[in-house]
Each structure stands twice: as C-alpha cells, then as structure tokens.
> 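Below you will find the structure I want to go over with you.
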Amino acid sequence: MSQNTKRVRYVLKRLLQAIPVIFAILVVNFFLLHLAEGDAVDVLAGEAGSATPEYMAQLREKFGLDKPLPVQLVVYLKNVLSFDLGYSFRHGMPVTELVLDRFVPTLLLMVSTIVIAVGFGIVLGLLAAAGLNTWKDNLISIFALITYATPLFWIGLMMIVVFALKLRWFPTSGIENVVMFYEGWDRVKDIAHHLVMPTITLSLFYLALYTRLMRASMLEQAGMDYVITARAKGMTERRIMFVHVLRNALLPVVTMAGVQVGALIGGSVIVESVFAWPGLGMLAYEALFARDLNLLLGIFLLSALLVVAINLIVDIIYSFLDPRIEVS
Amino acid sequence: MNTSSATAPLLEINNLYVKLPAGAERSHAVEDVSYTLNNNEILCVVGESGSGKSITARAIMGILPAPHVHVDKGKIEFNGEELTTAKESRLREIRGGEISMIFQEPMTALNPVMTIGKQIDEVIRFHTKIKKRDRRERAIHLIASVHLPDPEQIISSYPHELSGGQRQRAMIAMALAMEPKILIADEPTTALDVTTQAQILKLIKELQQSHDTGVLFITHDFGVVADIADRVAVMQHGKIVEIGTTHQVLNNPQHPYTQSLMKAVPSLVPPAVRAISEQQELAVNKLTKTYSSGGGWFGFGAKARVVHAAQSVDISLHKGETLGVVGESGSGKSTLARCIVRLINAEEGSIVYNGVDLRPLNRAEMRPYRSKIQMVFQDPFASLNPRTKVGRIIADGPRILGADAADAERRAREMLNLVGLDDRAFDRFPHEFSGGQRQRIGIARALAMDPEILVADEPVSALDVSIQAQILQLLADIRERLQLSMIFITHDLRVAAQVCDRIAVMRLGNIVEMGPTSTLFKQAEHEYTRELLNAVPGKDWRPQASQV
Amino acid sequence: MSFWQLYRRNKSAVFGLIILCLVFIMAMFAGIVFEDDPFTLAGKPMSAPGTNGFLLGSDTLGRDVAAGIAYGARTSLLIAGLATAVAVFVGAVLGGLAGYYGGWVDDILMRVTEMFQTIPSFVFAILLVAIMKPSIQSIIIAIAVVSWPAVARLVRGEFISLRNREFIQACHTVGMSDIRIMVKEILPNCLSPIIVAGSLMVATAILIESGLSFLGLGDPNIISWGFQIGAGRTVLRSAWWVCTFPGVAILLTVLAINLVGEGLNDALNPRLRTRT
C-alpha cells in the first residue's frame, strides 16, 4: 500500500472515530440541559413577569418539554443536526446565529495563539536542548517553569497594567477601535494591534508547555540508537540535531498540540473576558452572568466541534511526519 | 618502524584505557587493551556482557557517550594516523568513509522517519561531491549488492516496512556505501533468527572478501566466531585475556577463562539416550490458537490481521521426559507453552493431564491442577516483581495452595537452598541479585508449588554462556531429583541437543517434525529442520567439552 | 539511597517544598494572624500597601488583601487537594480495571476519555458549576470530573504494560486472584507515576479553581484568590495591588507544587535519575 493511500485511510479513520465522540458530546449536552434547574419555559415565564400555570403548560407543550426524555433527546439531536441550538431569551436571538457571529474572532485568536505557542515552543525547546545545561537552557527552563505556573487572567491583567495603562503601547480591550471607522488595511492593522495582548496572554502558558515538551522530547530522542548510527556515518552534530533528532522529536509535540486545543478554548474564555474580545469566550462569560444556559451549552457544543476539526488537521499533519501511521 | 608501510596493520590499538564515570561498577570500561586488525581479515572480539567489547569499538569510532565515558590513555592508530587525538572534522571524514559500523538492533539503529534511500544517500552526500542522480544510482547498486530484492522499492521504504533481516542488510549497504577499509560489526546478528543470522554472516564474509575489508566483529557467540573469524580476541572485565588465531583459541585455549567459556558452550552432539518411562503424563491434541488484531470498531480501511500461533498442534510428554520445542521467532512455541499452563486460552483442542482435559476448565475448576504444571520464564529481570521480597515471591504459591504462613516460609527457604541460593536471599529484593541468581529464584518459585511438569520458556536465552551452563546444570539436577517432566522451549539448537530427550520443531504455528533428539540431529526428515540445523553457527566446530 | 536523599539532589524541588510548606503554614495560621473574617471591612477602602495598617493594601470595600490571601490559601489547597484525591481515586480504579481486563470495559473507557480530551475541559467545568450552583462541593466535583480521565489513561497504560510482564504471568500460574494481582502486584509498580501525576494535578486544580472564581463561579461565602483578582479588576487602574498580590500567591503556590512534582518524579523514577 502506498504511503498516500495509507495516509488517506488514516485520516478517514480518524474522521470516523470522531463521530461517536461528537455523538457522546451531544448526549452529554442534552443531559446537562436537563440537569439544569428549570427549563426555558421558566426563564421565559420569569422574563414575562407573571405567567399562569396553564400558560406555562401550554408553552411546555409547544416546546415539546412534556414528552418523555428519550423523545426529547431525539428531538434535540434532530434540532442540532439542522443547526438549531435553541433560542437565547436574553439576547432575543437564535443561539446558532449568536454563536456563529462570535465564532470568527475566537478562531482568529485561536489560530494566532497556536501558531505562536507551537512555533516558539518548538524553537525554544530546541534551543534549550541544544545548549543543555548552559545559561540559555537554564533561562528558557526557568521562563517555562514560571509561565507554566501563572494563571492566564492574572497575566492578562498585569499586561493591561503595564503595556496598556502605563506604557500605552496597546489598547486595553476590544477587537477594534469602532469610533475610527477604519477600512481596508487600516482596519486589519487595527485588529492586529488589538490582537497582540490577548494572543500573548493565551500563548504564554502553552508556549511554556510546548517548550518543556520539546526540550524533553529532543533529549529523549538524542539518546536513541539511530543517533549513534548517524554519528558513525560521519554526520555533523548540527545535522544530527536538525535533521535526525528534530523530526522524531516533533512527533509527541504535534500530538500534544492536538490534545491541548480543548484546553486552549477553555483559556480563551478567560482571556476574552479579560480583554473584552468579542468571541465565543466573551459570549460564554456574558451567558454565565445572565444564567443563559441554553446559550452556554450552544457555545460548549460549538467549541467541541472546533476541537474535533482542529484535531483532524493535526492528524493530517502528523500523518506527514510519521510514516508509521497505523491504518488498522 | 615505518608505520605507513604496506605490512603495517590497518588498525592498531595500544594500551587503551577507557574511563567510566564515578560511581560505575569499575573505574575503567576498558583496561590496557591492545590488538591489531589487518587488511582483509575478520577479527572477532568475544566476551560476555559488560566485558568492554563494544566500548572498545566505540572508542575507535570516537563515539563514546561523552563526556561521561572517555579514552583515558592509549593509542588507536588507523593506517598510521592517531585517532584519539584527531580533530573532530577529520574523525567525521573517517566515520562512515573509511571506518563504518553496523549495530545489533537494526530497527532502532535506523531513523524511523527517514527512508532507507535517504539514509544511504546521506552518507554518500557527506563524503563525496557526487550529483544527486548518481547518488541514487549508487544507493540502488548498494542495495542490490546486499542481495535485497527490488532495490528501487527498498530505497523508498521506511525501516518499519522491512523485516529484521532486510533491515540489517540495508544497514550493511549503508555501512559499505563509501567502501570503507574497516567495518565494525557490533553483535550484528544477535537480534536475528538463526536462519537469517546464517545469511547475514555469509553476506558479511562475502562482502569482506570482495572488498578486502578489515572486519572487527563483536559477538558473544563462539559458534559465530567459529564460522566467521580469522583471529579471535577474548575479553573479560575490560581486559583482553587471550588473542590468537581462531583455531588456536577455539581448540586449544590457554587462559582459564577462555577454557571455562569453551566448556560452557553446549555441544551439538546429543548425549547418550536416557531411559524414559512409557507412561504418558500430558497429551496435547489438536490445540489451536489464533490471534486477530485490527478491525477495530468500524472495520473501515482495516483488514483484521489473523495470526495462527498454533494450528492443530499435537504433542505428548512422558513421565520424566524433557520435550524440546524448537523454533524461530513467530513459530508459536511460546504461545504453545502459555496455552499449556493456561495463561492463554486456546480455542480448540485438548490438553489432557492424567486423564483430565484442562483446556475447557474455568478458574475454579483449574485450581487443583494449577500447581501441577508450573512455568519458568525467559527474562530474569521481568519475571520477578521488583517491589516484592524474594521470600514472598516464592512463598505466595504455597500460601495460595493453603499452607499457613510458617509452612510457606519454611517451604520457600527449602526451595532457595534447593536452587543453590543462600537462606538470606529470603528478605532481599530481586534487584539485589544477578541475572543467573534471579533465574534460580524463578525456578524456586515454580518448584515451591511441587509441580509434576515444568514448562520452561527459553529459560537460559537471556543469560551469558557461563551462567547458561550453570542454570542448565541446575535444571538437569532438579529434573533427576524430583522426577520432573519438562517442556523446554528454545530457539537454540545447541541447548536443545543437550537438554532434550525428544524435540518438536515448530514453524508458523505447526509442528513440522518431532522425534528423539539424536535421530533428529542425525537424520532430520523435514527440509525446514535441516535448514535450521545447517544454520546453527559453528556447526562444524566441536567444543571440547570433555577436555579439562 | 533513601527517598529523601534522592529528592534532595534536585535543589529546585527542595525550594518548591519550602514554599509549599510556607503556604501550608499560612493557611493553618490564617485564623490566628487575621482574627476577622476576610470579608469584613477592616478599614479605609483602596488603601495602598503599607498604609492604614494594611500590609498589602485594601480593596474597594476596605477588605484586607493580606487576610484574603491567607484565608484564600485554605480554599485553594482544600479544593485542589480534595478534587485531586477524588480524580485520582476514580481514575485509578477505572483505568486499572480497563487496563487489566481490556475488552469492552477498555473500549468504553477509551471512548469516554477521548470525549473528555475533545471537550474543552475548562468550559465543561464552568458549565458544571453553573448548573450545580457555585459552592465548594460543586467546584470540587467539577474539577474532579474534568481531571479523572487523565489519571485513567495513565493508569490504564501502566496496567497494560505491566499485565503481560512475566512476573504477573507467574502470579497467574500459581493461581493468584485477579483482585490480588491488581492491588498487590501491579498497583505498587505504578504508584510512582500516579503520585507524580497527582501532585501536578493539584497545581492544575488550583489554576482551574482560581479561573472559576475569577469568572465569578466561586463559592460566594468563601474567599479565594481568584475571587480577589476578579473583584479587583474593575479598579485595576487605581489600585493595582488588589489584583497583583493574590496572583503572586497563585503563581508561587502552583510553581512550588510543580517543582515538588518534578522532584518526586526524579526521585521516584530511577530511569531518569542518571540524566543530568
């Protein structure tokens, strides 16, 4: 079987494996919805001020909430499959619409964070491993150790104090300066300017993680037999490090990058709320305060799907790095 | 003396000392080692584990695990050029160019994410200025020269796509890419099956002769030495104890250590036939075990792989007899052993012990028979729980059989004495013992159950040859004393010849031939048995076991 | 070498242990040093550090930041410790069973942990606390729920690699029961990775807890570091100390636990011991 067929089959297999996971998430989501005290009708009735029990029963019937649980589950799954995540009574909008609205800023933040965290993490880990036990290694390791222990929101706040309030280099919050009505490249530049601090804040923790992982992975691979072979072939240490060891050392880092995407979304809730970045995380924060559980669950679902999608991309990258991918 | 004259040796090592880091077992890995290697010669450096034979080779290449291990004193001259003080850049030219090396485990010695072609290409690119297309041609030519089929296909393959023997051939092709003057082979056949080993040895010899290469061949196996070496150096504890021509060292060893090693090598000539009772103790009939892997939750894109580890296997064991089960890796011999002790459930057939079929018995029904059939394992390091004291490891069995604590302890101490260990071993942890001692503990654990049948799965293959001889002697003693029947699994025909009364030869889950040991060795019927016998290293050499 | 001798060789691990001890002492003596409830208004609001008798300043309502940090240590350690204990217990039992028996038990566990790897765990924790209403119990449950799968995967892996070792097979040949093999033979051999993972998990739990209470999902009746920072962010411009010091407390505590975890790893894992 050629390497390409193997790769396609591997990716397809991972795609299929994601299906039961997504299904399980949907079921969990449904039960969380039910665990939540009260239902949408209570909320609606509460909003309306006074509602008679008859009226509420009528509403329940309308929404199908009087049906037995399995029936409701089927209805829920059907709704989700037709992109109907329910209605946010607080915002007076369908959840799907709300969530999709906020999706792009989050994606922007995620992508820039992944690129920075993984990219710099690999480079720093490599540098640390290459200069094992030198000042470079020690400095990088201490930096990684400290950022690994710092809560995201605190880094965000401290950055605001220093870089926004004191030095005035970056704006404190938001995605763009709305009053300026920038267009074209100016707008892109403005958004990029706003993106810097949230990205750095969210990146730092993962940057530390990947740096540590990359360093450990490089050191582990450097002890492998094939390194001795390469040395016995007369290769330079540089080539051994950057050609032989590097590619093998990348494998666990790439795997980890996939695993950490979920955590990254969790982090973005905090970072977005600190910087008032109008993405899904910010929306979640608002929903939390408004006790808009329906919306919160919609965000949860979408972010899980996002993780599945990013994991799939990671799998594809992995299949190019490791020829040993197993099809069976 | 003119060191660069034509008669000077290719490689000359003088009084070499290699320092070990503080806290190691001894201060030097290699002490005062001197030897020479000539053109067109195979020098075997032979020794048991820890003798320093590999370290010397790495010192020559300048690839010692620096900075912990380094050359302390001494000289290594290659064609008159001093290597211990040579510049790193010059050493890089030499490595892979003039001296190259192959290793024991080709799977880990090759980069798993790089194609074979690229790994060979790298060598040529580093040592020459040949163009890419010509390099490719040369790589293909090299692959062909080590007799690998379809070289075009091989150079675009990854290591995991080849078999063990193919990987070692690719490794050799890579090592010979620059037509080096010296090839250092560090136990290159140890990880291979015996038939593959024979082929690789033949290949090395063939290439050595056609290229006039000097080969430094490191091994622990005197059979291999007998087959391949022109001269032999024997190492012990970092020192060379004896050096000479193959004939001298193998047939007329001078040093007591070499003599004891020679004596420990089992002879291929079976000893006199023992009288065995006619009473059948165990009968395995039509035993079948199939493994299937893959498939997964959604069989998509994956064909379930089915391995027939045992296909309708029939064997019988008489009272007091030792039956050898011989085969290469993947033959199913270990699976058979594990089916008999019910570690694995066979799906078909019967295992009849004293008239009772054990195969379908469940856990509770099996209990009365458990103790009767006991097992001795291969790996002395993996077979004892590192967190449990030796006494408890042995006493656990009797306790489960219902003995009270005091009785079980008494029994455990008794067994320790029986296998030749001190009573004090009782309160120690396994890591305080050597490999041979651990194997004794493993045997004691099995014997504590008072078994009738002992199933020994490669019990000596992880041990050095001198320890191996001691354990085999112990097993023979116990067999006599306790009137045990034994099923002895091994890949080593020398061991089988000495230990077994009858031998069953397994291949791909089938028994291809079974018969009395002496008959089998004299006139094997099946082609595969003959192939195995022919592949035994050093088959024409008779270690003089009787000579003292 | 004794465990302590091995541990002591890692200097930063000793440093971590000292800090951790200090945090413990601070938590224990919080009630003696600061007699009042940390929620009480102790003096002039927004006092800078060192003024009006406030060592680390006061917040918008005049609550003592230092007292909050001391009492907050209790909250953090209590929640992180209990949540980790629950997660490790559940994870070890399920992971052990799945690893030992394999088959469908294992299949189900693997799907469940895969699902947990997919869902953003912090968002899941937010949801759980929001649904259960914020309280100490709900936070502990939420953190344990999102943490156990990692332990389960770890223990499962260890059990799988150990269950086919020859010394375990030897236990089968003498007829030892499954439960005894699991508890007395396999478990002692994978305690070190469990201890190390557990100690690192305490650090993560502290971060999750502080994140939750920062978002306003803490137990409203109990002071915590995350809550202090969340409450102070509105006055970031005028009273930086309200946010800063509790953050330092989190940073130091988590750092200390990570260092201790690494030290345990070095001391318990003989394979890595030789590495410099």
Side-chain angles (χ1 to χ4, degrees), chain A residues 17-18 20-22 24-25 28-29 32-33 35-37 132-133 142 145-146 148-155 157-158 160-161 165 172 205 219 223 258-259 261-270 273-274 280-281 284-285 287-289 291 293 296-297 299-300 303-308 311, chain C residues 12 16 111-112 114-133 146 150 203-204 206-212 214-217 225-226 229-230 232-233 236-238 240 242-244 246-259 262 272 275-276:
Chain A
Q17 271 179 343
V21 172
I22 293 174
I25 292 170
V28 167
N29 221 351
L32 284 177
L33 207 60
L35 261 177
E37 224 175 290
L132 187 62
N133 293 330
I142 290 173
L145 208 57
I146 291 177
Y148 194 66
T150 321
L152 283 176
F153 51 89
W154 190 70
I155 295 183
L157 293 174
M158 292 302 116
I160 290 178
V161 171
L165 299 178
T172 53
F205 178 83
L219 292 181
V259 172
V261 172
L264 209 56
I265 290 187
S268 77
V269 175
I270 284 179
S273 70
V274 167
L280 285 176
Y285 184 65
L288 207 55
F289 265 86
R291 302 209 52 74
L293 280 173
L296 213 48
L297 284 162
I299 296 168
F300 178 58
S303 49
L305 290 178
L306 185 62
V307 175
V308 171
N311 270 325
Chain C
S12 52
R111 294 316 115 170
V112 171
E114 249 167 49
M115 186 190 84
F116 271 94
Q117 279 199 337
T118 306
I119 55 179
S121 60
F122 185 68
V123 180
F124 192 46
I126 290 177
L127 266 175
L128 288 176
V129 176
I131 286 168
M132 289 185 287
K133 298 281 177 324
V146 299
T204 315
I206 291 180
L207 288 176
I208 298 179
E209 186 276 330
S210 69
L212 287 172
F214 172 76
L215 291 179
L217 287 170
W225 295 336
I229 298 174
R233 63 181 286 202
L236 202 54
R237 213 173 279 266
S238 45
W240 54 270
V242 187
C243 284
T244 307
V248 174
I250 299 175
L251 167 59
L252 284 178
T253 311
V254 174
L255 181 66
I257 296 172
N258 282 338
L259 290 175
E262 278 189 5
L272 295 171
R275 219 179 67 191
T276 47

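The sequence lines fix the lettering, A, B, ..., with proteins before strands; numbering per chain opens at 1. What you see below is based on every heavy atom in this structure, not just the backbone, and it leaves out hydrogens, waters and symmetry mates.
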> Check step by step if side chain to side chain contact (heavy atoms under 4.5 Å, CB included) holds for C/Ser210 and A/Phe153.
CA-CA 9 Å; C/Ser210 69; A/Phe153 51 89; 3.5 Å; yes
> Under a 4.5 Å cutoff for heavy-atom pairs, which residue among A/Gly258, A/Ser273, A/Ala287 has the most contacts with chain C?
A/Ser273
> Between C/Leu207, C/Leu215, C/Ile206, which shows the greatest number of heavy-atom pairs under 4.5 Å with chain A?
C/Leu215
> So which residue, A/Leu157, A/Leu296, A/Ile270, A/Ile265, ends up with the most heavy-atom pairs under 4.5 Å with chain C?
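Heavy-atom pair counts peak at A/Leu157.
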> Using non-hydrogen atoms and a 4.5 Å limit, figure out which bit of C/Val248 sits close to chain A: side chain, backbone, both or neither.
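Backbone plus side chain of C/Val248, per the 4.5 Å heavy-atom cut-off to chain A.
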> Let me know if C/Ile257 has heavy atoms under 4.5 Å from chain A in its side chain, its backbone, both or neither.
neither
> Going by heavy atoms in the side chains, are A/Pro20 and C/Met115 under 4.5 Å from each other?
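The answer is no; the side chains never approach within 4.5 Å.
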> Can you name the ring pair (Phe, Tyr, Trp, His ring centres under 6.0 Å) partners of A/Tyr148, sequence neighbours left out?
A/Phe205
> Which atoms of C/Leu217 are under 4.5 Å from chain A, going by heavy atoms: the side chain, the backbone, both sets, or neither?
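Contact with chain A: side chain only.
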> Suppose we screen for side-chain hydrogen bond (donor to acceptor under 3.5 Å, both in side chains). Which residues come up paired with C/Ser12, at least two apart in sequence or across chains?
C/Asn10
> How many angstroms lie between atom CD1 of C/Ile126 and atom CZ of A/Phe300, to the nearest 0.5 angstrom?
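CZ of A/Phe300 is found 10.5 Å from CD1 of C/Ile126.
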> With a 4.5 Å heavy-atom cut-off, do A/Val21 and C/Arg111 have their side chains touching?
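With C-beta onward as the side chain, the pair stays apart.
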> Who among A/Ile160, A/Val259, A/Leu288 has the most heavy-atom pairs with chain C under 4.5 Å?
A/Leu288
> Select, from A/Leu305, A/Val274, A/Ile299, the one with the greatest count of heavy-atom pairs under 4.5 Å involving chain C.
A/Val274
> Between A/Ser303 and C/Pro120, what is the shortest heavy-atom contact and its length?
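Here A/Ser303 and C/Pro120 meet closest at OG-CG, 3.6 Å.
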> Side chain to side chain contact (heavy atoms under 4.5 Å, CB included), that's the test. Do C/Ile229 and A/Trp154 meet it? Break it down for me.
CA-CA 8 Å; C/Ile229 298 174; A/Trp154 190 70; 3.9 Å; yes
> Heavy-atom distance under 4.5 Å to chain C: side chain of A/Ala24, backbone, both or neither?
both
> State, yes or no, whether a side-chain contact exists between A/Leu32 and C/Leu128 at a heavy-atom distance under 4.5 Å.
yes
> Do you know which of C/Thr244, C/Ile250, C/Thr253 has the most heavy-atom pairs with chain A at a distance under 4.5 angstrom?
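With the most close heavy-atom pairs to chain A, the winner is C/Thr244.
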> Any idea which heavy atoms bring A/Ala149 and C/Asn258 closest together, and the distance?
CB-ND2, 4.2 Å
> Going from CG on C/Leu251 to OG1 on A/Thr150, what distance comes out if it is rounded to the nearest 0.5 angstrom?
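Those atoms lie 4.5 Å apart.
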> Restricting to non-hydrogen atoms, name the atom on C/Thr118 and the atom on A/Ala304 that form the minimum distance, rounded to 0.1 Å.
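Closest pair (atom of C/Thr118, atom of A/Ala304, distance): CG2-O, 3.8 Å.
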> Return the option, out of A/Val308, A/Val269, A/Leu145, with the maximum number of heavy-atom pairs under 4.5 Å with chain C.
A/Leu145
> Heavy-atom cut-off 4.5 Å, strictly under: side chain, backbone, both or neither for C/Ala203 against chain A?
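No part of C/Ala203 comes within 4.5 Å of chain A.
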> Say whether, by atom type as modelled, one donor and one acceptor occur between the side chain of C/Trp240 and the main chain of A/Val161 under 3.5 angstrom.
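The answer is no, because no donor-acceptor pair under 3.5 Å joins these two groups.
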> Select one option (side chain, backbone, both, neither) describing which atoms of C/Phe124 are under 4.5 Å from chain A's heavy atoms.
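For C/Phe124, the contact with chain A is made by backbone and side chain together.
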